[in-house]
Enquirer: 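Here it is, the structure in full.
Quick note: numbers below take in every heavy atom, side chains included, and nothing from hydrogens, waters or symmetry partners. Quantities reported herein were computed from a predicted structural model and do not represent experimental measurements.
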Amino acid sequence: MAVIDESYAWQLIQDARRRLPALPAVLAAAADHAPELHLDAQFRWYSEAEVTPAAAALLDALLPVAFGGSRFVIAQIGQSLDGRIATESGHSHYVTGEASRVHLHRLRALVDAVVVGAGTVAADDPQLTVRHAEGSNPVRVVLDPRARVSGACKVFRDGAAPTLHLVGHPHAAIGRGVECVGIDVGEDGVSPQSILDCLAERGLTRVLIEGGGVTISRFLQAGLLDRLHVVVAPLIIGSGRPAVSLAPIARLDSALRPPCRSQPMGADMFFDLDLRD
């Protein structure tokens, strides 16, 4: 009997992301007798083939991303049980487990660009590549209005993927494969919409907002996220940098309560929030 395992499921997800077929859809590899996956308009799927538990979890988590459309903005955040993403000093390696890191790298492979703030680059020196997943690296975008990020950081030096350095005052590029781009900085910083507009001008319309908490919060507050992935680790830090911080509300009926699907992700718990409405 044909089997859809995790590797084949990821192949179907990547193919759907490239082709963006209309829903409902039938997904299958371009090979004789390849097992088919049937998908309805609500991302519910079924197959006559056996689907392994790992493949089922992957399909549930990432088919909505693959079918997000040509213009799509998603954020991902990994946090402790008490809502922290790092200690007070910024140490965050690692709040969540290996399965969460693989998921994040797969998200990167499904978008055109990945956005991080200057604080994240300074604290973590991330590579923002897809080392833990099959796929292509996205364009890396460093939001650095005051041009304070060191030119020694990996995103400016490793040449692994094109990199955009968004700054308030353009200057010479500080690394190979790096483009320095001027962006307007207002009293409240850089408008999240202006970041998306800047990327869209370069054909980068599927975007992952990866960090940190302040950057993700600003996109969430502006109502610009289509989906939010939250991975919660069984960890209590007790103090440190918060995951999400939004404007205060007086009553809980004003809180965001979007449709949500959840599932275990290794030792962590994964939440997929649909923010489109």
Enquirer: From Asp144 CG over to Ile174 CD1, what is the distance, rounded to the nearest 0.5 angstrom?
Expert: 7.5 Å

Enquirer: Is any NZ, NE, NH1 or NH2 atom of the basic residue among Asp158 and Lys154 found under 4.0 Å from an Asp or Glu carboxylate oxygen of the other?
Expert: no

Enquirer: Would you check if Val207 and Val111 make a side-chain contact, meaning some heavy-atom pair closer than 4.5 Å?
Expert: no

Enquirer: Please answer: with hydrophobic residues joined when any side-chain heavy atoms are less than 4.5 Å apart, are Leu20 and Leu23 in the same cluster?
Expert: no

Enquirer: Examine distances only and state if a side-chain atom of Thr163 and a backbone atom of Ala161 form a donor-acceptor pair shorter than 3.5 Å.
Expert: yes

Enquirer: Taking side chain to side chain contact (heavy atoms under 4.5 Å, CB included) as the criterion, tell me which of Val115, Val181, Thr205 meets it with Leu199.
Expert: Val115

Enquirer: Can a donor-acceptor pair be found, under 3.5 Å and without considering hydrogens, that links the side chain of Gln263 to the backbone of Ala57?
Expert: yes

Enquirer: Quick one: list whatever passes side chain to side chain contact (heavy atoms under 4.5 Å, CB included) with Leu246, sequence neighbours left out.
Expert: Ser217, Leu220, Gln221, Val244, Leu256

Enquirer: Identify the heavy atoms of Pro64 and Leu59 that sit nearest to each other, and give their distance.
Expert: CD-O, 4.1 Å

Enquirer: For Glu179, look at atom CD and say whether over 12 heavy atoms of other residues, nucleotides or ligands are found less than 6.0 Å away.
Expert: yes

Enquirer: Counting C-beta onward and ignoring hydrogens, is there a side-chain heavy-atom pair between Asp112 and Val139 closer than 4.5 Å?
Expert: no

Enquirer: Give me the atom names and distance for the closest heavy-atom approach of Arg140 to Val155.
Expert: NH2-O, 3.1 Å

Enquirer: Looking at every non-hydrogen atom in both residues, tell me the closest pair between Val3 and Pro35 and how far apart they are.
Expert: O-CG, 4.1 Å

Enquirer: Between CZ of Arg17 and OG of Ser136, what distance do you get to the nearest 0.5 Å?
Expert: 9.0 Å

Enquirer: Got a second to check how far Tyr8's OH is from Ile13's CD1, nearest 0.5 Å?
Expert: 12.0 Å

Enquirer: Check the orientation of His38 and Tyr46. Use parallel for under 30°, tilted for 30 to 60°, and perpendicular for over 60°.
Expert: parallel

Enquirer: Taking a hydrophobic cluster as the set of Ile, Leu, Val, Met, Phe, Trp and Tyr residues connected by side-chain heavy atoms closer than 4.5 Å, whether directly or through intermediates, do Leu273 and Phe270 fall within one such cluster?
Expert: no

Enquirer: Can you confirm whether His229 sits close enough to Val65 that some side-chain heavy atom of one is under 4.5 Å from a side-chain heavy atom of the other?
Expert: yes

Enquirer: Arg157 side chain to Gly151 main-chain N or O, any donor-acceptor pair under 3.5 Å?
Expert: yes

Enquirer: Will you find, in the side chains of Ser92 and Asp124, an N or O donor that is under 3.5 Å from an N or O acceptor?
Expert: yes

Enquirer: Is it the case that Asp5 and Ser7 place a side-chain donor and acceptor less than 3.5 Å from each other?
Expert: no

Enquirer: Can you confirm whether Glu134 is buried at CD, in the sense that more than 12 heavy atoms of other residues, nucleotides or ligands lie under 6.0 Å from that atom?
Expert: no

Enquirer: For Leu27 and Leu63, what are the C-alpha separation, side-chain angles and deciding distance, and is it a side-chain contact (heavy atoms from CB on, under 4.5 Å)?
Expert: CA-CA 11 Å; Leu27 308 180; Leu63 277 174; 4.0 Å; yes

Enquirer: Within a radius of less than 6.0 Å around NE2 of His93, do more than 12 heavy atoms belonging to other residues, nucleotides or ligands occur?
Expert: yes

Enquirer: Quick one: do Glu210 and Thr120 satisfy side-chain contact (heavy atoms from CB on, under 4.5 Å)? Show the steps, please.
Expert: CA-CA 9 Å; Glu210 185 169 320; Thr120 295; over 6 Å; no

Enquirer: In terms of hydrophobic clustering (I, L, V, M, F, W, Y; side-chain heavy atoms under 4.5 Å; direct or indirect links), are Leu104 and Val121 co-clustered?
Expert: yes

Enquirer: Taking Arg206 for its side chain and Phe72 for its backbone only, find out whether a donor-acceptor pair lies under 3.5 Å.
Expert: no

Enquirer: Do you reckon Val102 sits in the same ILVMFWY cluster as Val114, going by side-chain contacts under 4.5 Å, direct or chained?
Expert: no

Enquirer: May I ask you to check whether over 12 heavy atoms, not counting those of Arg19, lie within 6.0 Å of atom CZ?
Expert: yes

Enquirer: Evaluate the side-chain contact (heavy atoms from CB on, under 4.5 Å) criterion for residues His105 and Arg131: first the C-alpha distance (whole Å), next the side-chain angles of each, then the deciding distance (0.1 Å), finally the verdict.
Expert: CA-CA 7 Å; His105 285 222; Arg131 303 180 306 284; 3.7 Å; yes

Enquirer: Any chance you could measure Ile209, atom CD1, to Leu196, atom CG, to the nearest 0.5 Å?
Expert: 6.0 Å

Enquirer: Taking all non-hydrogen atoms of both residues, which atom of Phe271 and which atom of Cys260 are closest, and how far apart?
Expert: CD2-SG, 3.8 Å

Enquirer: Are Val116 and Ile183 connected in the hydrophobic side-chain network, where two residues link if heavy atoms are under 4.5 Å apart?
Expert: no

Enquirer: Is Pro234 close to Asp268 at the side-chain level, that is, under 4.5 Å between some pair of heavy atoms?
Expert: yes

Enquirer: Trp10 and Gln14: side-chain donor and acceptor closer than 3.5 Å?
Expert: yes

Enquirer: Quick check: do Asp184 and Ser191 have side-chain heavy atoms less than 4.5 Å from each other?
Expert: no

Enquirer: So which heavy atom on Pro264 is nearest to which on Met269, and how close?
Expert: N-SD, 3.6 Å

Enquirer: Taking CD1 in Ile249 as the centre, count heavy atoms belonging to other residues, nucleotides or ligands within less than 6.0 Å. Is the count above 12?
Expert: yes

Enquirer: Would you give the length of the straight line joining atom CG of Leu225 to atom CD1 of Ile216, rounded to the nearest 0.5 angstrom?
Expert: 8.0 Å

Enquirer: Tell me the closest heavy-atom pair linking Ala49 and Ala2, and the distance in Å.
Expert: CB-O, 3.4 Å

Enquirer: Going through the distances and angles, do Arg84 and Leu235 end up as a side-chain contact (heavy atoms from CB on, under 4.5 Å)?
Expert: CA-CA 9 Å; Arg84 309 291 181 176; Leu235 170 72; over 6 Å; no

Enquirer: Residues two or more places apart in sequence or in another chain: which of them pass salt bridge (Lys or Arg N to Asp or Glu O under 4.0 Å) with Arg227?
Expert: Asp272, Asp274

Enquirer: Working to the nearest 0.5 Å, report the span between CD of Glu50 and CD1 of Ile4.
Expert: 10.0 Å

Enquirer: State, without any angle test, whether Arg106 and His103 hold a side-chain donor-acceptor pair at a distance under 3.5 Å.
Expert: no

Enquirer: Measure the shortest side-chain to side-chain distance between Leu166 and Val190 over non-hydrogen atoms and say whether it is less than 4.5 angstrom.
Expert: no

Enquirer: Tell me, do Asp226 and Ile74 make a side-chain contact under 4.5 Å, heavy atoms counted?
Expert: no

